[in-house]
Amino acid sequence: MSAAHSTGAGDGVDLIGVDLVGLDEDLGATSSDVIRVLADRIAATGRAASGDTLAADAIAREASVGTGVPGGIAIPHARSTSVTSPTLAFTRLARTVPFGAPDGDADVVFMIAVPDGADKDHLTVLSTLARALIREDFTAALRAATSRQEIVDLVDREVSGEVAAAGVGNVGGAAAPSGREARPASATDTHVVDSDTSAAGARRKVIVGVTACPTGIAHTYMAADALVAAAQRAGAEMHVETQGSSQVEPLDPALIARADAVVFAVDVDVRDRSRFAGKPLVSGPVKRGVDEPDAMIAEALRAADDPAAARVSGSAAEAGTSTAKDEHFGQALKRWLLTGVSYMIPFVAGGGLLIALGFLLSGYGIALAHGDDGVNNAVWTLQHSTLLDLPSQGLGYYLGAAAFQIGSVSLGFLVAALAGYIAYAIADRPGIAPGFVAGSIAVFMNAGFLGGLVGGLIAGAAAYWIGRIPTWRWLRGLMPVVIIPLFASIIASGLMLLVLGGPIAWLMTQLTGFLNSLTGASAVLLGIILGLMMAFDLGGPVNKVAYAFAVAGLGAGSASNVVPFEIMAAVMAAGMVPPLALALASTVLYRKGFTKPERENGKAAWLLGASFISEGAIPFAAADPLRVIPASMVGAAVTGAISMAADVTSRAPHGGIFVFFAIGNVLMFVVAILAGTVVSALVLVALKKWVRRSPAETDAAADEAASAGDTVGQRAPVAA
């Protein structure tokens, strides 16, 4: 296999060639410097549309968790929309560069670039290479190579020998490196140290585990291999489920049942973690599985013999990343609330748009009209009208009634879904039922959105702590499906019904009355505050609070109480401003102030902004938060103020300009959006021209991009 056509997955696509390899290079003093050079090298071969975009994605990934591994190796990697085909780039550095490894800096760097749509075969090849990099024989050969072609051949032999055994693609039949057998490298492997007994005849301890990282390409499989090797050194039997990019092959339930302990080396939540309920647990980030596998295995073996050891309760709070053991309460609370709101959004968006469609087809009177019997509304229409009534009612009216009623039912789940998925974020699946029940009790008590928040937190906490109670093995199977939901529901719903529901309902009544009393300057101030919140973090917790508050109030809106509709209009209009302003600035007013990828993002931001998808501004904010976010907040505040002052209303919670039929005073709605967009764009252009970022600020922006990128990956594509 030639250097020009090397290491594919059977489809003729090269993964590496001599033009992607550098030897004994000085590429800079920081990991970002090295990544930028390698990204440009990949783009120069036509494998990425933009080296800048690929570099930004990889630097963001690097800033979240360093990709250095023991032995002077680094594997920066990223999924990027800029990448056109899976690619490897390699450099051997003349001076070492820090990549976050615990034992020092790196001199051997592989950059893995993967498009969003990479197929299973390519991911298998890439994960095989990543796993090879923890072996000393392979890394020693890389350091000893004297030519770029030799590096390509080494990678080719490594990947071919491993993947051919797995039957992946049509990779050449090169033999595995001498001294070891070819072994499958699929993401669905279960890694096993065989033999149930030690040399002395004693039963080996059985450990099961899960490894997972956000991209599912490198660390997932490296951690699995490192843990298996560590277990073998410790004389234990190890089975690891790699929850990577490809299809996951779950561990056999029989293996889990006889396991003495569980190891989670993860940076994302473990899928279906309730399978491991009751087992002694050792958990940590996936990088610890690569850097400190022996320590994790030693801890697991001690936990297996310790009755007081922490155990798997089925709680997401014990998973990886944001659930790491050093996460403080404020971070955990933020994650729980964002999870609840994110899962609530589909009920809101779908239901709200159906209600708006019902208004379009049947008129606003469909929710208010009364006949002789006093119940001739949409429900009455659906229950008593038939096709025989169509000549008088009309097909449009009948379909509008159906859309309105379906939407109303969907919105009725708002508080229950919010509470249910807050509890889910705390206690995983055992928390869902108690959370939904507590949320429904909050609705029954008229405690509204705030009651749902409180009920969800209580339900999740109750489910979490009940799941941690030590119990008999025969009872563990009933815990997540019967015991935890039953008692957590009693605790959470009982507190809401008997103690907390009344005071929260009173508080909501007072808040609603206060909002209804706002007129003139007070209403304008409210619009400014809502606008600032919507643009502050573009889909983060502050934005979500403002959006959820507006949506929760829609149910209280009526012909005589339009304040909730005004709040919804102000929130939606303000949320449309950031992407529209960035589109205007990057594609019309100041093109030279933005990179080519940003200008491309700007073109897409026109439609995203018009649709009320605030995330259209996130690529800009991630790269330059200190200028983009303040400019966005100024314009959004202007829009919120104008919208409230002009008494603009919205009966739809989503859709932007495309739900114009549900907007009251639509002309001023458009004027408010245009005014805020222009103000934001002009402020941003001024900041771009006259406020220059120093190198230190540039590095800070890269760090911001990392945290913003991780958060965005979990967001639903909505403005909230």
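Heads up: numbering here begins at 1 and tracks the sequence.
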message = With side chain to side chain contact (heavy atoms under 4.5 Å, CB included) as the test, pick out the partner of L674 among T677, V671, V670.
response =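 With L674 as partner, T677, V671, V670 yield a single side chain to side chain contact (heavy atoms under 4.5 Å, CB included), made by V670.
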Is the backbone of [Y] close enough, under 3.5 Å, to the side chain of [X] for a donor and an acceptor to pair up by distance?
X   : Y   : value
D52 : L54 : no
S85 : R47 : no
T53 : A49 : no

Pairwise distance CD1(I529) to CE(M644) - rounded to 0.5 angstrom =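 The CE atom of M644 is 10.5 Å from CD1 of I529, to the nearest 0.5 Å.
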Between CD1 on residue I673 and CD1 on residue I657, distance to nearest 0.5 Å = 5.5 Å
Do [X] and [Y] have side chains that get closer than 4.5 Å, going by heavy atoms?
X    : Y    : result
P115 : P86  : yes
F90  : L38  : no
I663 : M572 : yes
V97  : D33  : no
N665 : T649 : no
L580 : L584 : no
R627 : K688 : yes
M534 : V571 : yes

request  = Using the ring of Y590 (Phe, Tyr or Trp, six-membered ring only), decide whether K689 places NZ or CZ under 6.0 Å from its centre and within 45 degrees of its axis.
outcome  =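 Pair K689/Y590 counts as cation-pi.
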Determine the minimum heavy-atom distance between [X] and [Y], stating which atoms define it.
X    : Y    : result
G68  : A101 : C-CB, 3.6 Å
A106 : A74  : CB-CB, 3.8 Å
A573 : F669 : CB-CE1, 3.7 Å
F99  : V109 : CE1-CG2, 4.0 Å
S650 : M568 : O-CB, 3.7 Å
G452 : A419 : O-CB, 3.3 Å

inquiry  = Using the salt bridge (Lys or Arg N to Asp or Glu O under 4.0 Å) criterion, which residues pair with D40? Sequence neighbours excluded.
reply    =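 None.
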Ring pair (Phe, Tyr, Trp, His ring centres under 6.0 Å) partners of F413, counting only residues at least two apart =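 Result, ring pair (Phe, Tyr, Trp, His ring centres under 6.0 Å) vs F413: F347.
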inquiry  = The test is side-chain contact (heavy atoms from CB on, under 4.5 Å); show your working for V685 and W690 and say whether it passes.
reply    = CA-CA 9 Å; V685 169; W690 296 303; over 6 Å; no
key: Partner residues of A423 under the side-chain contact (heavy atoms from CB on, under 4.5 Å) criterion, sequence neighbours left out   =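 By the side-chain contact (heavy atoms from CB on, under 4.5 Å) rule, A423 matches A459.
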T45 and L20: CA distance, side-chain angles, deciding distance, side-chain contact (heavy atoms from CB on, under 4.5 Å) verdict = CA-CA 8 Å; T45 66; L20 291 164; 3.7 Å; yes
key: Distance-only side-chain donor-acceptor flag, T67 / E62, under 3.5 Å   =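 Judged by distance alone, the side chains do pair up.
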key: Polar contact flag, side-chain donor to acceptor under 3.5 angstrom, T91-E25   = yes
